[in-house]
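Report on one structure; see the data block that follows.
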Number of protein chains: 2
Amino acid sequence: MARKAPLSDAALELVARRFAVLSEPMRLRLIQALFEGEMNVNALVEATGGTQANISRHLQTLTQAHVLARRKEGLQVFYSIADPSLYKLCELVCGSLEKQFARHAESLAK
Amino acid sequence: MARKAPLSDAALELVARRFAVLSEPMRLRLIQALFEGEMNVNALVEATGGTQANISRHLQTLTQAHVLARRKEGLQVFYSIADPSLYKLCELVCGSLEKQFARHAESLAK
DNA sequence: CAAGTATATGAGTATATGCGCATATAAATT
DNA sequence: AATTTATATGCGCATATACTCATATACTTG
């Protein structure tokens, strides 16, 4: 395997955009709720404690980014995780933050 | 292993913050440059084509988030990757985006 | 077709943040 | 100590985006 070539400006913007989509606590809450399985908007509103309008907007953002999938069934709209890499992604970040805190705790203990 | 408990609000904010730090193209360019190894500010300015002031600010953001490490040597300041999870993180996101494009290409081909 | 229910969206406001310019700080050199 | 070099930072502007309120749209049911 050859060394990875540096990403183009356009590619960097896409990667940055992907991270930006994941950089809001409410969107992470939605994703976390959907880790349990597909849910409709009302259920997500209740699960997260947000307003319907705000949740709807965040769902739009996540769906446009292909992070979530949208399925309409009658009056209701069901959302689900569309990007399987999300699981590992969240694990990675959580693990990294835990290590960071562990180090911080050590330095406090000194 | 027990099922993961949902993250607290505080934890979600930290995770969101981590993603936010990675959501700027210029910061990703810096990280990409540093994947090659430790570099000082001037080298990073040249490598990325940014202004010195702007690069310095981004380096501050990344260092405060413990994504980068800072080492001062005389007049120069050297930065390096402090969080090893960054490699996998970027790989994951790039891979996910590639798959997304592959699907999009298919749908265009139809 | 009228009324009700689930979801989406337009408009306005508040806040955050990236960038450039100028300048400040810190350390080496003369 | 004065000057030069490397890096950091205060400030202001422009833009992005999260949130709320009100209303629109889509679908179902009587």
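Residue numbering restarts at 1 for every chain, and letters A, B, ... go by the order of the sequence lines. Every value quoted in this text rests on a predicted model; they were computed, and no experiment measured them.
Note on A:Arg17: a side-chain N or O is less than 4.0 Å away from OP1 or OP2 of D:dT17. For C:dA6, neither phosphate oxygen OP1 nor OP2 lies less than 4.0 angstrom from any side-chain nitrogen or oxygen of A:Tyr79. For B:Asn40, no side-chain nitrogen or oxygen approaches OP1 or OP2 of D:dA6 to under 4.0 Å.
Look at CG on A:Asn42: it is 18 Å from P on C:dG4, rounded to the nearest Å. The distance between atom CD of A:Gln60 and atom P of D:dT25, rounded to the nearest whole Å, is 16 Å. A:Leu28 places its CG atom 14 Å from the C1' atom of D:dA18, with the value rounded to the nearest Å. One interatomic measurement links the two molecules: CE of B:Met26 to P of C:dT17, which rounds to 18 Å at whole-angstrom precision. Spacing between atom CZ of A:Phe19 and atom P of D:dA16 amounts to 21 Å, rounded to whole angstrom units. Counting to the nearest Å, the P atom of C:dA6 and the CD atom of A:Glu73 are 14 Å from each other. Across the protein-nucleic acid pair, B:Leu59 atom CG and D:dA6 atom P stand 16 Å apart, rounded to whole Å. One interatomic measurement links the two molecules: NE2 of B:His58 to C1' of C:dG20, which rounds to 12 Å at whole-angstrom precision.
Using a 4.0 Å heavy-atom distance criterion, B:Glu24 is classed as a sugar-phosphate-only contact. Within 4.0 Å of A:Phe78, counting heavy atoms only, lies no atom of the nucleic acid at all. Among the atoms of the strands shown, none is found under 4.0 Å from any heavy atom of A:Arg71. In this structure, A:Ser56 reaches the bases: a heavy-atom distance under 4.0 Å links it to at least one base atom across the strands shown.
A:Ser96 and B:Arg18 form a side-chain donor-acceptor contact under 3.5 Å, judged by distance and modelled atom types alone.
In this structure, B:Leu68 and B:Leu59 approach most closely via the heavy-atom pair CD1-CD2, 3.7 Å.
Closest approach to the A:Leu75 side chain among D:dT9, C:dA8, C:dA6 is made by C:dA6 (side chain taken as heavy atoms from C-beta onward). Of the listed nucleotides (C:dA6, D:dT7, C:dA22), C:dA22 has the atom at the smallest distance from the side chain of B:Ala53. Closest approach to the B:Thr51 side chain among D:dT7, C:dG20, C:dT9 is made by C:dG20 (side chain taken as heavy atoms from C-beta onward). Out of C:dA27, D:dT7, D:dA26, the shortest distance to the side chain of B:Gln52 is found at D:dT7. Minimum atom distance to the side chain of B:Arg70 is reached by D:dA8, of the listed D:dC27, D:dT20, D:dA8.
A 4.5 Å side-chain heavy-atom check between A:Met26 and A:Thr48 finds at least one atom pair inside the cut-off. Counting heavy atoms from C-beta outward, B:Tyr79 and B:Asn40 have side chains that stay 4.5 Å or more apart.
A:Leu92 and A:Val15 fall within a single hydrophobic cluster, where Ile, Leu, Val, Met, Phe, Trp and Tyr are joined by side-chain heavy atoms under 4.5 Å apart, directly or via other members.
The 5' end of DNA chain D is approached more closely, in terms of each residue's nearest nucleotide, by A:Arg27 than by the other of A:Arg27 and A:Lys72. Heavy-atom distances to DNA chain D give each of A:Asn54 and A:Gly74 a nearest nucleotide, and the one nearer the 5′ end belongs to A:Asn54.
Side-chain atoms of B:Gln32 come within 3.5 Å of backbone atoms of A:Leu7 as a donor-acceptor pair (strictly under, hydrogens ignored).
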